[in-house]
Asks: 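Before I ask anything, let me first share the structure, which is written out below as structure tokens.
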There are 2 protein chains.
Amino acid sequence: MSATMADVAREAGVSASTVSRTFSLPETVRADTRERVLAVARRLDFSPNRTASSLARGRTGALGLLVPDIANPYFGEIVKSVQRRARTADRALFLTETGDAHDEAYGLAKAMARQTDGLLLAGPRMPEDMLRSLAAAGPVALIGLHVPQTDCAYAELPVGMRQAVRHLAALGHRRIVYVNGTRTARTAGFRRLMRAACDEFRVELVEHLGPFDLTYDNGRAAADLVPTSGATAVIAHNDMVAHGVAGGLARQGRSVPGDFSLITVDDTYLARAIHPALTAVHVPIDAMGAHGVDLLLARIADPQGPPRLVALPTALTVRESTGRAPAP
Amino acid sequence: MSATMADVAREAGVSASTVSRTFSLPETVRADTRERVLAVARRLDFSPNRTASSLARGRTGALGLLVPDIANPYFGEIVKSVQRRARTADRALFLTETGDAHDEAYGLAKAMARQTDGLLLAGPRMPEDMLRSLAAAGPVALIGLHVPQTDCAYAELPVGMRQAVRHLAALGHRRIVYVNGTRTARTAGFRRLMRAACDEFRVELVEHLGPFDLTYDNGRAAADLVPTSGATAVIAHNDMVAHGVAGGLARQGRSVPGDFSLITVDDTYLARAIHPALTAVHVPIDAMGAHGVDLLLARIADPQGPPRLVALPTALTVRESTGRAPAP
DNA sequence: CGACGTTCTGCAAGCGCCTGCACATAGGCG
DNA sequence: CGCCTATGTGCAGGCGCTTGCAGAACGTCG
């Protein structure tokens, strides 16, 4: 099919090694030789075969990204930023959607590890020991959660969550519902955070813990329980759920923020793509993705180095969905 | 690092060829030999090195997917279905986001073509001759648009669009705004369709043609122009824009469908993740992605075959955003 | 002008797997 | 019991690129 190094070498009157070096170690070949080789390469439309190069070098030049659900905007934005960063590092990206099943995700990760130089796991649902086992087998970086002894880029939620509760408290809300899920990596820590923040600001916390996924429909269902809870504000675990809560309240004829205030966490474009736009605990998804790639590249370069953490700040972004608590 | 065929061969007392064959052509190896080899392979945690295999075979086993914007739910859902289908075909997936720049997209496609067996282009923005040139260079399948002489899986919009206009006409709407964009593959055909449908049902068409991208914010801006247009219904080019229009109207205090009816095209989950849920021309994104993969695999298997088209049906899904036109 | 240190280039041996061909073994037939 | 077709297995030569090593070419210095 396409030209090989041998072809270029012949045409340029040099050996294949020289051709190889003009592409991988340009400084080591004399300028005029290099020019000659490049000219021939251009004429023959040659570029080094990546597969062959991978085999010889023992590295593929590709990174693997695993996400539970690509269509979820949170992960969509992560994929986007990872892909962008990977490209600037001249790395191709393998993408796999894992779904929620631990074992399958583990198997997929293992398989992908064999064809990449390293793995990026975004919001993995699997237990810590599986993650550790993967990390032990090859370069791995985590995005969106914090697991000790592992490279991770994650959002520091306490600050943002505390701001959210304080914001509600300042608006006169004394009782808030927290719509949580069961299947996400950050669920447990989240609950602790919420309790702490609510205690601090003397707010009563009603936990609406699903045994449900964080979807629009479940948020909508959760909305039905809000009016009877005695609460005047809702904090939703992510944008999809918040959307559902908003939709559910609207269907009941309740006004946001007139009857209930609503705060979401994550702040993907969904938070703005709704009326009223949602006050949100902003999570720097872009930065998480980019740092995740950087961590992974660092790990690939230095497999033995100590684990590194990148904690990104979160902050409350006030929009239209929060207002004064209605008079009792 | 990990075991090679030579290792397994030695342990199992056979040659490397036999090991190779027990993995790639199991039927050609006698049952008991095969078992022995597999047992050793399992013990040594061996699996064939994909890179080496790719090099020897001249095929990588991977497919490449290019999308303009991953975070757009339309493409998110395409990525999802492509990825799923690719996996069942035991193919890894390379993902690249191209953005809107033609040349860059072309370059990325070229680069990706070298490390995959074939390319899937979803909603590419580049001109037809570039697409043809790519298709001439290697297996390519298009998703979401129809280019003559090329393998494509696309949605047959006339039916759905016609239904949408008929639906509005039946509800008494005599004048509708069509919020279009400029940068999408289907823009031109779309306009023709809209005109034809409106003529057929005696509806006046107001084209609100952006020079804008199909984003939430632009939809929102478009909403400001709707009330003065004299129209009572809006058809938006995709879900993001429709979301924007809905948000914009809500901000103006207009009711949907009380004051204005709204129909969207695509019907990603966004169409339901809003209140009121949007009546939509449903596009079978899942099927498009899956068929795209199938077309590509067929093309890879038979590079010379005639081009194949898969036209998927669209249909109107009525939800809550359309109702009788308000009395004049 | 020879000795010696730099650059630069070529040689050859891989990287791990695939596959056409030859050979061995086994069974079927006359 | 030879001869002839399967059927299984091994051999060896790639696939296209990389890289340690050694030799060539070029300068520099005493």
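Atoms considered below: every heavy atom in the structure, side chains included; atoms not considered: hydrogens, waters and symmetry mates. Residue numbering restarts at 1 for every chain, and letters A, B, ... go by the order of the sequence lines. Because the structure is predicted, anything quoted here is derived from the model rather than measured.
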Asks: Would you call Arg10(B) and Asp7(B) a salt bridge, using N to O less than 4.0 angstrom?
Replies: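 Salt bridge: yes.
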
Asks: Using whole Å, what does the distance between atom P of nucleotide dG16(D) and atom CG of Asn49(A) come to?
Replies: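 Roughly 7 Å, once rounded to whole Å.
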
Asks: Which atom pair, heavy atoms only, marks the closest approach of Leu295(A) to Asp151(A)?
Replies: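 Of all heavy-atom pairs spanning Leu295(A) and Asp151(A), the closest is CD1-C, 4.2 Å.
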
Asks: Whole-Å distance between dC17(D) C1' and Arg59(A) CZ?
Replies: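 My rounded result for the distance is 14 Å.
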
Asks: Rounded to whole angstrom units, what separation is found between the CE atom of Met5(A) and the P atom of dG14(C)?
Replies: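 Those two atoms, CE and P, are 20 Å apart.
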
Asks: CZ/Arg125(B) to CG/Leu131(B) distance, rounded to the nearest 0.5 angstrom?
Replies: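 Between Arg125(B) CZ and Leu131(B) CG, I get 12.5 Å after rounding to 0.5 Å.
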
Asks: What's the angle between the local helix axes at either end of the helix from dC1(C)-dG30(D) to dG30(C)-dC1(D), using five pairs per end and rounding to 10 degrees?
Replies: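 Overall, the helix from dC1(C)-dG30(D) to dG30(C)-dC1(D) bends by 50° from one end axis to the other.
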
Asks: Grab the CZ-P distance between Phe46(B) and dG16(C) for me, whole Å please.
Replies: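 The answer, rounded to whole Å, is 11 Å.
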
Asks: Ser53(B) side chain N/O closer than 4.0 Å to the phosphate oxygens (OP1, OP2) of dC18(C)?
Replies: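 Yes, such a contact exists.
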
Asks: What integer distance in Å separates Arg10(B):CZ from dC17(C):C1'?
Replies: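 It works out to 16 Å between those atoms.
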
Asks: Using atom CG of Asp7(B) as one end and atom P of dC15(C) as the other, report the distance to the nearest whole Å.
Replies: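 In whole Å, dC15(C) P and Asp7(B) CG are 11 Å from each other.
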
Asks: One character per nucleotide, please: for nucleotides 6-13 of chain C, 5' to 3', B when the base has a protein heavy atom closer than 4.0 Å, S when only the sugar-phosphate does, - otherwise.
Replies: --SBBBB-

Asks: Looking only at the side chain of Leu55(A) (C-beta and beyond, no hydrogens), which of the listed nucleotides dC17(C), dC18(C), dG16(D) gets closest?
Replies: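 Among the listed nucleotides, the one closest to the side chain of Leu55(A) is dG16(D).
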
Asks: Nearest 0.5 Å, please: how far is CZ in Phe94(B) from CG in Leu93(A)?
Replies: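 Leu93(A) atom CG to Phe94(B) atom CZ measures 8.5 Å (nearest 0.5 Å).
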
Asks: Could you pull out the closest heavy-atom pair between Gly118(A) and Leu296(A), with the gap in Å?
Replies: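 That would be C-CD2, 3.7 Å.
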
Asks: Rounded off to whole Å, could you give me the CZ-to-C1' distance for the Phe23(A) and dT18(D) pair?
Replies: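 Going from Phe23(A) (CZ) to dT18(D) (C1'), I get 14 Å.
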
Asks: Looking at Asp117(A) and Pro139(A), what are the two nearest heavy atoms and their distance?
Replies: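 So the minimum-distance heavy-atom pair works out to O-CG, 3.4 Å.
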
Asks: Would you kindly give the CD-to-P distance between Gln115(A) and dC17(C), to the nearest whole Å?
Replies: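 Nearest whole value for this atom pair: 14 Å.
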
Asks: In terms of the nearest nucleotide of DNA chain D, which residue is placed more toward the 5' end: Ala56(B) or Arg57(A)?
Replies: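 Of the two residues, Ala56(B) wins.
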
Asks: Is it true that a side-chain atom of Glu77(B) and a backbone atom of Tyr269(B) form a donor plus acceptor pair closer than 3.5 Å?
Replies: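 Confirmed, Glu77(B) side chain pairs with Tyr269(B) backbone.
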
Asks: Go through dT18(D), dC15(C), dC17(C) for me and flag the one nearest to the Ala52(B) side chain.
Replies: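 Minimum distance to the Ala52(B) side chain belongs to dC17(C).
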
Asks: Given dC17(C), dC17(D), dC15(C), which nucleotide is nearest the side-chain atoms of Thr4(B)?
Replies: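 Per side-chain heavy atoms of Thr4(B), the pick is dC17(C).
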
Asks: Tell me, please, which residues at least two apart from Glu104(A) pass side chain to side chain donor-acceptor pair (under 3.5 Å).
Replies: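 If we apply the side chain to side chain donor-acceptor pair (under 3.5 Å) test to Glu104(A), skipping adjacent residues, the hits are Arg87(B).
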
Asks: When rounded to the nearest 0.5 angstrom, what distance separates OG1 in Thr116(A) from CG in Leu66(A)?
Replies: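 Answer for the OG1-CG pair, Thr116(A) versus Leu66(A), is 8.5 Å.
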
